[in-house]
Amino acid sequence: DVAEQLTPVLLDGLREETLQLESKLEDSSSSCAVDVSTMWWEAAGCRELCVVTACESSVSLWKPLASDCWGKVYTWQLGEIPVIQIVPLPDTCNLVCIALGDLEIGEIRLLLYSSENDSFKQSLVKTGNIKAVLGLKDRRLVSSSRTVQEQQVEIVSFSETRRSKDGQTLMPPEETVLAFAEVEGMRDALLGTTAVNSIVVWNLKTGQLLKKMHVGYSYPASICHRAYSDSGLLFVVLSHPHAKESESCGNPAFRVIAFNPKTARSTGVMFSSLPPGHAGRYLEGDVKDASAAAVLTSGAVAVWDLLLGRCTALLPPPPAGSWALARWATTGACLLAGQRDGTVCLYRY
Amino acid sequence: CSESDLGPISLNWFEELSAEALP
């Protein structure tokens, strides 16, 4: 019965893309799962894609064992400040960051494995009133933080074992930056979304704030998930956690908008809404390439093809509970769906 | 979308905005 209820629902008009349950990771010791992610772990010359799970007081690393099972490799114990989120560092090995805090992020820590002396460590990266954080390529991390007077947007970089001493600051906009996205294919471009629904673009090399563009009033509190430049336009994938249902667009979870960075004009390219008849608003989600996944207020997880603007699969809520987390693995077409009790299901998409 | 909706498009927008922006 349980397996049946964890099976994705195929929606009308579905093509071959579906979700297949591959394995299940159960953590009996987890008090309250807060996040899940993946990271590369290399030990004794063997490199594997591992799962990282976080509960409020600890973060665990899981490696794949034989026959679709997972074994816990190590658990980092944290202090009294609760873990809020895992911050993966793309294209790195043996490194992951975490954000800790009460209502807001107050601290970022680096968790690492040193293959040289086969040991697991943790170190403090940054403290402050941190509003947004994102791991960047080339072992870097960007964050926005606020003091009463000003906002700081800072990039820190890491060696294999620690944070580098010198950070780099980017010119802050007046408004608070609430999310970041790297601009794919443009090594020196970084994008952010702000508290007043603007898109800002930086030059990472020079720290310049290049452009501020307003998203529009229809969908407040836009959060950027992905950005890429094509044919002179900047395409941005946004989610709208506070959007209201409209007749024309249904219940939009994600939108793709094309901006002309020269003129700051924009146009909507695609909406990704729930199919008619399915209730539930967007709670939280993740985007990788053209695939988006989101946990809905109904307790289900929905998956969309962003280019088609179509929902391609729906995971119904698990028995006696609901999904709390939906994340794409950093490599491979794999969706991690997590429940608050620490159970994580891995689906092949 | 058409160019008229979005205004003149430049393939080198990043370099051009970097040259125009404050240091």
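Chain naming here is simple, since letters A, B, ... match the order of the sequence lines and numbering starts at 1 in each.
For the pair A:Arg226 (side chain) and A:Asp289 (backbone), a donor-acceptor distance under 3.5 Å is present. A distance-only check finds a donor-acceptor pair linking the side chain of A:Asn260 to the backbone of B:Leu6 [under 3.5 Å]. In this structure, A:Trp328 contributes its side chain and A:Ala333 its backbone to no donor-acceptor pair below 3.5 Å. The closest donor-acceptor contact from the side chain of A:Trp202 to the backbone of A:Met171 lies under 3.5 Å. Here the side chain of A:Glu182 pairs a donor or acceptor atom with the backbone of A:Lys137 at under 3.5 angstrom.
Between A:His214 and A:Ser198, the side chains place no donor N or O within less than 3.5 Å of an acceptor N or O (distance only, hydrogens not considered). Between the side chains of B:Asp5 and A:Thr267, no donor N or O sits under 3.5 Å from an acceptor N or O.
Below 4.5 Å, heavy atoms of chain B meet heavy atoms from A:Met186, A:Asp188, A:Ala189, all part of residues 183-197 of chain A. For residues 142-158 of chain A, heavy-atom neighbours of chain B at less than 4.5 Å comprise no residues at all.
Salt-bridge annotation for A:Lys262 and B:Glu20: present, with a side-chain N of the basic residue lying under 4.0 Å from a carboxylate O of the acidic one.
A:Leu209 touches chain B through its backbone: at least one of N, CA, C or O sits under 4.5 Å from a heavy atom, while the side chain does not.
Relative orientation of the A:His225 and A:Tyr282 rings is perpendicular, given thresholds of 30° and 60° on the angle between their planes.
Other residues, nucleotides and ligands place more than 12 heavy atoms under 6.0 Å from the CD atom of B:Glu15.
Of the listed residues A:Asn203, A:Thr206, A:Asp230, A:Leu234, the one with more heavy-atom pairs under 4.5 angstrom with chain B than any other is A:Asn203.
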